[in-house]
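The model shown is predicted, which means the values in this text are computed figures rather than measured ones.
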Amino acid sequence: FILFSLVYVIEPVFASEIFSDGFESGDFSAWSGTSTSGGSISVTTANPKSGSYNARSELSGSGTCKAYCYKSGLNEEIIHVRLYVMFKDAIPNASSSDGIIVMYVRNVENTAGLFQVGVGYTDSRWQGNYRKAGVWTTWYNASVTAELDTWYCVEAAYYVHATEGY
């Protein structure tokens with residue numbers, strides 16, 4: 001399973017915070033909703049990064065599985081997202097055929113992905129994609145391998161451009 005803690009701070013760069021939730025309410029009430037397929041997500045007191053609570057995603061199916069909470073309706077020119085993530089039981093590697101996306105941000109209309117960050121299945125390295133002028137560009141970190149029982153701070157900023165799309 002995957003633990004999320006003190007997560008999803010969404011704020012324009014150099015501006016005030018728009019949304020932040022460390023799950024200290026004990027539920028997903030600050031979020032727009034949750035989505036699952038081949039997995040589950042819950043708020044738990046097990047292994048929080050700080051505070052008393054964190055979100056826990058468990059993926060148990062095969063193929064495309066998901067278990068996440070989401071926040072909708074943010075219409076900002078600059079999107080800055082930070083989350084903390086720990087892999088507890090398994091991590092993608094060469095023997096598996098599935099990667100894990102820990103951060104995925106869509107546009108305000110919910111019609112297109114803007115950027116995503118995760119761990120690749122071939123070598124457990126951090127990687128992701130971002131959209132510019134409608135085209136996905138992939139980035140890859142050749143030096144950092146994700147490991148079990150280690151907290152990672154994942155942070156990304158994205159500029160939504162008026163004439164180039166995203």
Applying side chain to side chain contact (heavy atoms under 4.5 Å, CB included), can you list everything that pairs with [X], at least two apart in sequence or on another chain?
{"X": "S37", "result": "K66"}
{"X": "T145", "result": "S124, R125"}
{"X": "A146", "result": "F87, I91, V119, W126, Y152"}
{"X": "S29", "result": "S25, D27"}

[X] versus [Y], closest heavy-atom pair with distance:
{"X": "Y70", "Y": "S35", "answer": "CE2-N, 4.3 Å"}
{"X": "G39", "Y": "A67", "answer": "C-CB, 4.2 Å"}
{"X": "N129", "Y": "W136", "answer": "CB-CE3, 3.0 Å"}
{"X": "W139", "Y": "Q116", "answer": "NE1-O, 4.2 Å"}
{"X": "W151", "Y": "P48", "answer": "CZ2-C, 4.0 Å"}

Distance-only, no hydrogens or angles: does the [X] side chain make a donor-acceptor pair with backbone N or O of [Y] under 3.5 Å?
{"X": "R106", "Y": "L114", "value": "no"}
{"X": "S32", "Y": "S72", "value": "yes"}
{"X": "Y158", "Y": "R131", "value": "yes"}
{"X": "K49", "Y": "V85", "value": "no"}

Checklist line | All salt bridge (charged side-chain N to carboxylate O under 4.0 Å, His left out) counterparts of E24, not counting sequence neighbours | finding: none
Next item on the list: Begin from the C-alpha positions of I41 and F28 and carry the test side chain to side chain contact (heavy atoms under 4.5 Å, CB included) through to its verdict.
Entry: CA-CA 10 Å; I41 187 167; F28 294 108; 3.6 Å; yes
Margin query: Please determine whether the number of non-hydrogen atoms from other residues, nucleotides or ligands lying under 6.0 Å from atom CD of E77 exceeds 12.
Written below: no
Validation row: [X], [Y] side chains within 4.5 angstrom (heavy atoms):
{"X": "Y84", "Y": "V102", "answer": "no"}
{"X": "V105", "Y": "I79", "answer": "yes"}
{"X": "L83", "Y": "M103", "answer": "yes"}
{"X": "R82", "Y": "V154", "answer": "no"}

Check: Looking at residues at least two apart in the chain, or sitting in another chain, which of them share a ring-ring contact (aromatic ring centres under 6.0 Å, His included) with Y130?
Finding: none
Next item on the list: Measure centre to centre between the rings of W31 and Y68, then say whether the value is under 6.0 Å.
Entry: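 When the ring centroids of W31 and Y68 are compared, they turn out to be at least 6.0 Å apart.
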